[in-house]
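Reviewing the structure listed below.
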Amino acid sequence: MGSKEENCLTLASGFSFDYGNLYGAGKVTASDVEALAEKLAAAQKAVETMRATGEVRGHLSKDGTPERVLFTQLPYVAEGNLNSPASIARLKEFGSSLKNTVDAVVTFGIGGSYLGNKVLFDVHCGEFWNAKSVKERNGYPKLYFNGNNIDARRTADMVEHLITEARLKAVHGQPNTYKVVLVVISKSGGTLDTMSTFMVMYDALKQQEPLLNIEVVAVTDPAKGEKATLLGKLAEEQGWPTFSVPDGVGGRFSIFSEVGLVTAACIGMDIDAFLSGAQAMDQVCQTSDIYKNPAKLNAALKFIAAEKYGRDIEVFMPYADYLKSVAEWYVQLLAESLGKRTSREGAEVFYGRTPIVAVGTTDMHAQTQQHQDGKKDKVVQFVKVTKWEQDAMIPDVFPTVSKLSEISSIYLSQALDVAREANAEALINDERFNATLILPSLNAYHLGELLYMLALSVAYEGELANVDAFDQPGVEAYKRLMGPRLKALKK
C-alpha cells in the first residue's frame, strides 16, 4: 500500500506525496481534516459507486440525459472494458505499421485531445524528437500537433514545412514518396478549431500529390449507422481507419483512452506501463484511510486550504521542462472539472480553484516574487523527479572565476533540487502553503501514477464541494454564441 512518514505518503513504487508544507500547525490542521469527516466519508462512497457503476449523483450529459462517468475503468485492460486486449493490440499494431513507412504524423485535436497527447509526447520524446534520425527514433515517424488553435500563420508554416521535407527527400533520391498520416480527433467531428485546420492542411497537402502521400485516421465517437457522428460518417465514406472517443469519458480524462493512446502508439511509448501506473494508483486510492489515499488526501487538503484559508489559486510547478505540458493539462482538468456556478441542487456557489502553470527553475525568475510577497491566496504544487536518466555534472571550466567554480562538481539534478527546496522553504517560512509530488524517475509508469492521481483528486473534490466535476456548461455558453456568428460570416 505505502507508508506515511512525517507527513509524506510514499507508495510501494516510490511515488510520494510530501504534504508537510500544507499540513500541520499554521497550515491545514488535523482538526480541519477531522471536521470534514462526514463529507469525506460521503465522497469515498460516491467515488466507490462511480468506480463500480459509472453513476455520479446528478450528472447529466450536455443534452440533459443521464450519463455514466467511466474514466476509472480505463486503467484496466479487460474484455468488455473501454480498453480491451483487442483494442490495445490494435493500437500497438497501428504504431508498428508506421515504423519505417511513415515520415510524419500530424495530430489534430483541442482540449484533452491535444493537452493529454502533448504530455505523452513530451515525456517520451522530448523537444528534439523531430530533429533525430529515423534510426534514433527507432523507425517511428516525426510527430506534429495542430488543431489546438485556429492560427492561420502556424498552419501555413506547417504545410510549408512538410512540403519542404518532401522535396528534400525527393532531391536526395530516397525511395518512397514522403508519407504523412493526419490523425484527426473529435468526438462529433464538428469541433471548429480541429476540423478547420484539418481541412486546410488536408486540402493543401492533397494538392501536392504525388510529391506527398496523405492518409487520414479518425478518432471519434464509435457509433455506427444512423447514430454515427459527422466525423464517423466521413471516415466511413472515405475509408479512413478509426479509433474511439469513448462515451462516459470527458476530454480532460481521455489521455488513458484511445484518444491519448493513439499518440503513444505513434511514438512507441510503453502503453502497458502507462496504464499499469494508473491502475496501481487507482488500487491504492480505494482505501478509505485518507492518510493512505493520495488522491483523497490531496483533494481534502486543497479544498480546506481554499475554503477555510482563502488559498484558492493552485500554482502547478514541476521542476522539469518536459513536465510543463502536465501543468497545462492540469489547468484544463482543474478548471473544467471544478469551476462551477451552481451546486448539484442548483444553488449559486461559484466554486473553483484557479490553476496556474509554472516551471522550476524558470519561473523562480518570473512568478516567485508574486508567490512569495503577493497575496496569500495560493497553494504551490511542486513536482520533483528523483533520478534522471541523463544528469551532467557541472564542470570546473573557469577555475579562476570563483563564483562559477563554486557551483562546479555538482550535478544539474542536485542544483535543481536545491532550488526547489529553497523555494519551498522560503514559502512555508512565510506561511505560504505548498506541497511536492515526487516521481522516482520520469517514465511511463510513474507518469500514469501522477496523472491518474490528479484525475481522481478532482472527483473527490467535486464531492467535497458538492459540484458536478464531470460537466462543463460554461463551455457551451460561448459555443451557442459562436455558431450563428460563423454562419453570418459565410453569408
Side-chain angles (χ1 to χ4, degrees), residues 83 85-109 113-114 116-148 158-159 161-170 172 174-186 194 197-198 201-202 205-206 208-220 231 235 238-245 254-275 444:
N83 286 328
S87 72
I88 297 299
R90 184 166 173 263
L91 281 164
K92 292 177 182 177
E93 184 181 350
F94 169 64
S96 295
S97 74
L98 306 177
K99 293 182 68 173
N100 301 305
T101 62
V102 171
D103 295 281
V105 169
V106 184
T107 76
F108 296 83
S113 300
Y114 161 69
N117 294 34
K118 185 65 162 53
V119 168
L120 301 183
F121 178 83
D122 284 357
V123 170
H124 182 75
C125 301
E127 183 178 351
F128 305 104
W129 175 264
N130 291 344
K132 293 180 178 181
S133 68
V134 175
K135 184 177 180 180
E136 288 171 322
R137 298 194 306 270
N138 195 27
Y140 287 99
K142 297 179 180 182
L143 192 136
Y144 303 90
F145 293 95
N146 209 313
N148 52 299
M158 188 174 291
V159 169
H161 172 71
L162 291 172
I163 292 171
T164 300
E165 291 264 288
R167 286 174 179 159
L168 285 171
K169 185 174 183 179
H172 288 290
Q174 296 179 31
N176 305 320
T177 303
Y178 192 87
K179 188 172 181 179
V180 181
V181 173
L182 307 179
V183 180
V184 56
I185 309 171
S186 173
T194 300
T197 49
F198 164 68
M201 285 195 66
Y202 177 79
L205 296 177
K206 287 291 277 187
Q208 296 296 320
E209 292 180 333
L211 177 65
L212 300 94
N213 177 259
I214 308 302
E215 293 185 2
V216 178
V217 173
V219 186
T220 189
L231 182 55
Q238 299 290 329
W240 299 337
T242 61
F243 291 97
S244 294
V245 179
S254 64
I255 189 170
F256 303 103
S257 73
E258 291 184 14
V259 173
L261 300 182
V262 70
T263 292
C266 289
I267 55 179
M269 183 176 173
D270 191 337
I271 292 172
D272 296 329
F274 178 63
L275 293 178

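We count residues from 1, following the sequence as given. If you're wondering where the values come from, they're calculated on a predicted model, not measured in any experiment.
Residues Glu258 and Ser244 approach most closely at OE1-N, 2.8 Å, considering heavy atoms. Val184 approaches Leu231 most closely through the heavy-atom pair O-CD2, 4.0 Å. Taking both residues in full, the closest heavy atoms of Ser254 and Ser257 are given as O-OG, 2.7 Å, listed atom of the first, atom of the second, then distance. Summarising the geometry of Ile271 relative to Ala264, their closest heavy-atom pair is CG1-CB, 3.8 Å, with the distance given to 0.1 Å. Between Tyr140 and Cys266 the shortest heavy-atom distance is CD2-O, 3.3 Å. When all heavy atoms of Val245 and Ser186 are compared, the closest pair comes out as CG2-C, 4.4 Å.
For the pair Val106/Val183, no side-chain contact is recorded, criterion being any heavy-atom separation below 4.5 Å from C-beta on. Residues Val216 and Phe198 are in side-chain contact: their nearest non-hydrogen atoms beyond the backbone lie under 4.5 Å apart. By the 4.5 Å heavy-atom criterion applied to side chains, Val102 and Val105 are counted as neighbours. Residues Asn213 and Val180 have side chains not in contact (no heavy-atom distance under 4.5 Å, counting atoms from C-beta outward). With contacts defined as side-chain heavy-atom distances shorter than 4.5 Å, the pair Phe243/Arg90 qualifies. Looking at Leu120 and Asn117, their side chains never come closer than 4.5 Å, going by heavy atoms from C-beta outward. Two residues are said to be in side-chain contact when any heavy atoms from C-beta on lie closer than 4.5 Å; Val181 and Val217 meet this criterion. The shortest side-chain heavy-atom distance between Asn148 and Thr194 does not fall under the 4.5 Å cut-off.
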TODO: Apply side chain to side chain contact (heavy atoms under 4.5 Å, CB included) to the pair Thr197 and Phe108, showing each step before the final yes or no.
DONE: CA-CA 8 Å; Thr197 49; Phe108 296 83; 3.9 Å; yes
Open item on the list: Pair Trp240, Glu215 - check side chain to side chain contact (heavy atoms under 4.5 Å, CB included), show working.
Closed with: CA-CA 8 Å; Trp240 299 337; Glu215 293 185 2; over 6 Å; no
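For residues 91-103, the pairs satisfying salt bridge (charged side-chain N to carboxylate O under 4.0 Å, His left out) are Lys92-Asp272, Asp103-Lys169, with sequence neighbours left out.
Atom CG of residue Leu98 and atom CD1 of residue Ile267 lie 11.5 Å apart, to the nearest 0.5 angstrom. From Met158, atom CE reaches atom CE of Met201 across 5.5 Å, with rounding to the nearest 0.5 Å. With rounding to the nearest 0.5 Å, the separation of OG1 in Thr177 from CD in Glu209 is 9.5 Å. Taking CG of Leu182 as the start and OG1 of Thr107 as the end, the distance is 10.0 Å to the nearest 0.5 Å. Residue Arg167 holds its CZ atom at 13.0 Å from OH of Tyr178, rounded to the nearest 0.5 Å. Distance NZ/Lys132 to SG/Cys125: 7.5 Å, rounded to 0.5 Å.
Remark: side-chain polar atoms of Trp129 are paired, donor with acceptor, to backbone N or O of Pro141 under 3.5 angstrom. For the pair Asn130 (side chain) and Leu143 (backbone), a donor-acceptor distance under 3.5 Å is present. For the pair Ser133 (side chain) and Glu136 (backbone), a donor-acceptor distance under 3.5 Å is present.
Using the six-membered ring where Trp is involved, Phe256 and Phe274 have ring planes that are parallel, under 30° apart on the 30 and 60° scheme.
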